[in-house]
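Since the structure comes first, as structure tokens, the remarks are kept for the end.
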Amino acid sequence: LVSFKAPGYAADGYIDRRTGTYRLTTTEEGAVAAMNDLHKGRHSGAVWSKVVDISAIFLVIISLTGLGLVFFLKRLRVAALITVCGGIALTLLLIRFFVP
């Protein structure tokens with residue numbers, strides 16, 4: 001058995017060494033599955049996994065600086081903090097009911 005996996009794609013080759021015959025099975029799942037695999041870093045290699053991690057760290061930093069800046073805007077502070085609390089509550093509810 002020889003397997004190859006890539007985002008949105010898989011190939012399995014079965015080789016019979018006695019007879020020299022082989023069977024190749026490929027599965028192509030489409031663009032949406034490929035994007036999902038790239039988003040999760042599945043079957044995409046070590047370099048892409050690092051890109052995903054660096055992007056996540058960058059987005060956390062950007063979010064925290066935006067949250068920090070809201071404290072300097074008196075007019076929007078209360079509305080922004082209510083929005084943040086609502087977002088946290090919604091995220092926790094989604095995690096509670098949809099993550100196994």
Side-chain angles (χ1 to χ4, degrees):
L1 172 67
V2 178
S3 284
F4 175 75
K5 295 189 185 281
Y9 177 82
D12 295 318
Y14 302 94
I15 303 167
D16 186 355
R17 291 171 38 183
R18 285 180 282 138
T19 62
T21 60
Y22 67 91
R23 185 180 63 188
L24 182 64
T25 305
T26 60
T27 305
E28 204 163 336
E29 298 174 356
V32 174
M35 294 300 285
N36 187 28
D37 287 347
L38 287 172
H39 173 74
K40 293 179 179 180
R42 187 184 311 142
H43 310 303
S44 57
V47 174
W48 188 257
S49 292
K50 296 293 180 201
V51 168
V52 170
D53 291 342
I54 290 169
S55 299
I57 291 168
F58 178 71
L59 289 172
V60 166
I61 291 170
I62 293 295
S63 298
L64 291 176
T65 56
L67 184 61
L69 287 173
V70 114
F71 288 108
F72 293 105
L73 302 171
K74 286 185 178 186
R75 214 170 39 121
L76 299 176
R77 186 179 306 149
V78 173
L81 291 176
I82 290 171
T83 303
V84 167
C85 290
I88 290 171
L90 180 62
T91 301
L92 292 174
L93 282 172
L94 289 173
I95 289 171
R96 169 70 174 101
F97 291 109
F98 292 108
V99 175

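Side-chain atoms are counted along with the backbone in the values below, which use heavy atoms only and exclude waters and symmetry mates. Position 1 is the first residue of the sequence, and the numbers go up from there.
Atom-to-atom distance recorded for L69:CG and L76:CG is 11.5 Å, nearest 0.5 angstrom. Expressed to the nearest 0.5 Å, how far OG of S44 lies from NE2 of H39 amounts to 11.5 Å. In this structure, CG in L59 is found 12.0 Å from CD1 in I54, a value given to the nearest 0.5 Å. Put simply, CD1 on I15 and CG on L24 are 9.5 Å apart, with the number rounded to the nearest 0.5 Å. With rounding to the nearest 0.5 Å, the separation of CZ in F4 from CG in D12 is 11.5 Å. Here the straight-line distance linking atom CG of L90 with atom CG of L94 works out to 4.5 Å at 0.5 Å rounding.
In terms of heavy atoms, Y9 sits closest to E28 at CD1-CG, 4.2 Å.
Both L67 and L92 are assigned to one and the same hydrophobic cluster, defined by single-linkage of ILVMFWY side chains at heavy-atom distances under 4.5 Å. V51 and L38 fall within the same hydrophobic cluster, defined by Ile, Leu, Val, Met, Phe, Trp and Tyr side-chain heavy atoms under 4.5 Å apart, directly or through other members. If you chain together hydrophobic residues whose side chains sit under 4.5 Å apart, V2 and Y22 fall into the same group. Residues F98 and L93 are members of one and the same hydrophobic cluster, defined by side-chain heavy-atom contacts under 4.5 angstrom among Ile, Leu, Val, Met, Phe, Trp and Tyr.
For the pair V32/N36, no side-chain contact is recorded, criterion being any heavy-atom separation below 4.5 Å from C-beta on.
For the salt bridge (charged side-chain N to carboxylate O under 4.0 Å, His left out) condition, the pairs that include at least one residue of residues 39-48, sequence neighbours left out, are D37-R42.
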